[in-house]
Amino acid sequence: MRTILIVGGGYAGFYTAWRLQKKLRAGEARVIVVDPRPYMTYQPFLPEVVAGSVEARHAAVSLRRHLTGTELVAGRVTRIDHAHKTVIVRPAAGQDYPLEYDIIVVTAGAVTRTLMIPGVAEQAIGLKHVEEAVAIRDRLLTAFDQAAGLPVGPLRRKLLTVTFVGGGFSGVEGFGELLALATSLVGRYPELSPAELSFHLVEARDRILPEVTDKPGEWVVRSLQKRGGRVHLNAQLLSAVDGHVVLSTGEEFDSELIVWTVGNAANPMVHNHTDLPIDERGMLVVRPDLRVGTDDAPVPDAWGAGDDATIPDLAADRPGVSTVPNAQHAVRQGKLLARNLLATLRGGALKPYVHHSLGVVATLGLGRGIFQFHRLVIMGFPAWLMHRGYHVLAVPTWERKLRVLAVWATAVPFGRDIVSLSSVQHPREAFLAAENVLAGDAPRS
Ligand SMILES: Cc1cc2nc3c(=O)[nH]c(=O)nc-3n(C[C@H](O)[C@H](O)[C@H](O)COP(=O)(O)OP(=O)(O)OC[C@H]3O[C@@H](n4cnc5c(N)ncnc54)[C@H](O)[C@@H]3O)c2cc1C
């Protein structure tokens with residue numbers, strides 16, 4: 001029996017494995033997914049996790065619950081040696097070990113792009129993983145509690161200042177959602193005034209949201225500004241040492257929370273530790289039929305999809321364009337990859353990947369959104385409803401859909417939870433504090 005090894009159980013890997021386990025005949029092949037995380041992250045929900053509108057756990061789709069016919073390996077692939085059909089797995093605990101395969105599927109995704117800007121590595125936080133979204137929310141809620149107990153002054157001002165760097169999809173969505181949370185939260189703090197909130201979105205280019213055209217992009221800027229957000233266009237972050245933000249426009253301010261959303265970089269494992277073909281950006285070279293390689297030189301038994309790969313976009317109106325890194329493509333590529341892989345096992349014909357975009361839909365905070373499909377643009381509440389409707393339908397499995405819907409439904413009468421659980425990072429503190437109190441007690445007579 002052949003072994004199909006899938007590197008990465010995110011969007012593309014999850015859908016490949018899910019489809020394979022449904023379609024494989026008994027004894028036809030064994031499927032293994034290697035991922036250090038036990039879940040697929042539904043990243044489009046992360047901005048709503050930031051705002052507390054989606055429970056963090058509901059953005060994490062359990063691999064063990066849903067990939068029941070698949071073997072799961074909790075570990076990171078550190079090297080792919082396709083010449084010897086072996087990967088090296090680094091498990092969470094224990095020594096690295098080799099794992100052999102017959103067919104490899106590389107769906108390891110991308111990583112957050114970092115730039116060597118002073119202070120960013122120490123101060124900033126990304127928005128690509130569930131723990132980051134939770135931490136962003138907790139940091140804001142904690143900052144409100146701290147600021148409420150302080151007199152007006154620099155420290156209080158810093159605590160109420162938030163900076164997002166990067167005006168792409170995830171930056172704008174995260175910014176809009178956090179701004180909406182902060183604006184509603186301030187009403188619960190009589191000690192604070194809405195005018196004290198200082199929210200900055202910093203973008204190096206002259207516009208945000210490159211996924212939409214100019215006019216809707218300008219509307220998004222105006223909509224954020226109306227709600228009190230400061231959008232800095234043509235501005236680069238020069239320094240963030242100790243939370244002191246310095247912009248190329250000459251503006252400077254202290255910011256408690258700095259969220260780094262400047263886009264993707266190639267997965268370092270794919271870029272540096274494989275003998276599969278890689279392009280100049282460090283992306284896996286993949287053909288339209290999702291086999292690794294070029295039109296005239298396919299690499300046998302190697303497949304790729306998702307954000308770690310460069311795949312020709314056959315739906316584009318000009319040649320030489322690759323599919324953009326998004327979930328719309330990753331899901332469909334995963335499904336087609338499984339179909340084509342099965343076709344090679346059974347001697348069938350392969351289909352090329354062609355997907356015409358369904359448009360772009362983004363949340364800008366509770367009750368506000370934007371949707372664009374070619375020249376059709378919908379803004380505000382209807383677009384936000386479309387955003388929620390689309391994603392609750394798109395999140396895999398009915399179990400997830402119902403959980404997310406239940407949280408949205410209970411938020412209508414009761415609102416969002418507004419408690420920071422940042423103390424979960426230090427669970428022993430309360431216990432040690434109690435122990436210290438006891439140790440300091442005078443002996444009883
Ligand atoms: C905040 C945010 C909002 C977004 N919203 C949208 C949206 O509304 N619409 C849309 O279309 N797209 C959206 N996207 C983009 C979309 O989520 C990604 O394009 C999609 O997740 C890519 O899928 P993937 O399978 O390639 O990678 P991922 O989903 O990132 O999965 C990669 C997997 O590989 C694993 N992995 C990494 N390295 C290794 C290794 N060495 N060994 C083993 N496993 C490894 C990772 O742990 C991960 O599970 C959003 C992204 C973000 C961050």
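Start at 1 and go down the list; that is how both ligands and their atoms are numbered.
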Problem set entry | Contact (N/O only, under 3.5 Å) between Thr41 and ligand 1 | no
Exercise. Trp384: what forms a ring pair (Phe, Tyr, Trp, His ring centres under 6.0 Å) with it, not counting sequence neighbours?
Worked result: Phe381
For this session: Give yes or no for whether the N/O distance cutoff of 3.5 Å, strictly under, is met between Ser170 and ligand 1.
Result: no
For this session: Could you say whether the N/O atoms of Ala327 and ligand 1 ever approach to under 3.5 Å?
Result: yes
For this session: Output the list of atoms in ligand 1 that are nearer than 4.0 Å to some heavy atom of Gly109, sorted by atom number.
Result: 26 (O), 27 (O), 32 (C)
For this session: Can you figure out which of Val270, Val50, Asp307, Val73 has its heavy atom closest to atom 26 (O) of ligand 1?
Result: Asp307
Exercise. Which ligand 1 atoms does Gly306 reach within 4.0 Å, using its non-hydrogen atoms?
Worked result: 26 (O)
Problem set entry | Any N or O of Asn267 closer than 3.5 Å to N or O of ligand 1 | yes
Exercise. So do the side chains of Gln225 and Val231 get within less than 4.5 Å of each other, counting heavy atoms only?
Worked result: yes
Exercise. Among Ala309, Pro44, Ala394, Gly171, which one has a heavy atom closest to atom 6 (C) of ligand 1?
Worked result: Pro44
Exercise. Would Thr3 and Glu100 count as having a side-chain donor-acceptor pair, cut-off 3.5 Å?
Worked result: no
For this session: Report yes or no: does His391 have a heavy atom closer than 4.0 Å to ligand 1?
Result: yes
For this session: Could you find the nearest protein heavy atom to atom 36 (N) of ligand 1 and give me its residue, atom name and distance?
Result: Ala108 O, 3.7 Å
Problem set entry | Numbered atoms and elements of ligand 1 in range of Leu127, under 4.0 angstrom, heavy atoms | 1 (C), 53 (C)
Seminar exercise, completed: In short, Arg113 meets Leu115 closest at the heavy-atom pair NH1-CD2, 4.1 Å
Seminar exercise, completed: Ala12 heavy atoms within 4.0 Å reach ligand 1 at atoms 25 (O)
Exercise. Between Gln43 and ligand 1, which part of the residue brings a heavy atom under 4.0 Å of the ligand: side chain, backbone, both or neither?
Worked result: both
Exercise. Do the side chain of Arg227 and the main chain of Gly176 share a donor and acceptor less than 3.5 angstrom apart?
Worked result: yes
Exercise. For ligand 1, is there an N or O atom under 3.5 Å from any N or O atom of Gln328?
Worked result: yes
Exercise. Under the 3.5 angstrom rule, does the side chain of Asp301 hit a backbone N or O of Ile104 as a donor-acceptor pair?
Worked result: no
For this session: Run the numbers for me: atoms of ligand 1, each under 4.0 Å from some heavy atom of Val7, listed by number.
Result: 42 (N), 43 (C)
Exercise. Can you find a side-chain donor-acceptor pair between Thr112 and Glu132 that sits under 3.5 Å?
Worked result: no
Exercise. Any N or O on Asp35 sitting closer than 3.5 Å to an N or O of ligand 1?
Worked result: yes
Exercise. Looking at Val77, which atoms of ligand 1 are within less than 4.0 Å of one of its heavy atoms?
Worked result: 40 (C), 41 (N), 42 (N), 43 (C)
For this session: Please confirm whether Ala330 comes within less than 3.5 Å of ligand 1 when only nitrogen or oxygen atoms on both sides are compared.
Result: no
Problem set entry | With sequence neighbours excluded, residues passing ring pair (Phe, Tyr, Trp, His ring centres under 6.0 Å) with His391 | Tyr42, His387
Problem set entry | Minimal non-hydrogen separation, Ala143 against Glu256, with atom names | CB-CG, 4.2 Å
Exercise. What atoms in ligand 1 come closer than 4.0 Å to a heavy atom of Phe169?
Worked result: 5 (N), 6 (C), 7 (C), 8 (O)
Exercise. Does the side chain of Ile88 reach to within under 4.5 Å of the side chain of Pro98, using non-hydrogen atoms?
Worked result: yes
Exercise. Do the side chains of Arg37 and Val130 get nearer than 4.5 Å, heavy atoms only?
Worked result: no
Problem set entry | atom 47 (O) of ligand 1 within contact range, any protein heavy atom under 4.0 Å | yes
For this session: Return yes if a side-chain donor-acceptor contact under 3.5 Å exists between His355 and Gln333, otherwise no.
Result: no
Problem set entry | Under 4.0 Å to a heavy atom of Pro325 - the qualifying atoms of ligand 1, by number | 19 (O)
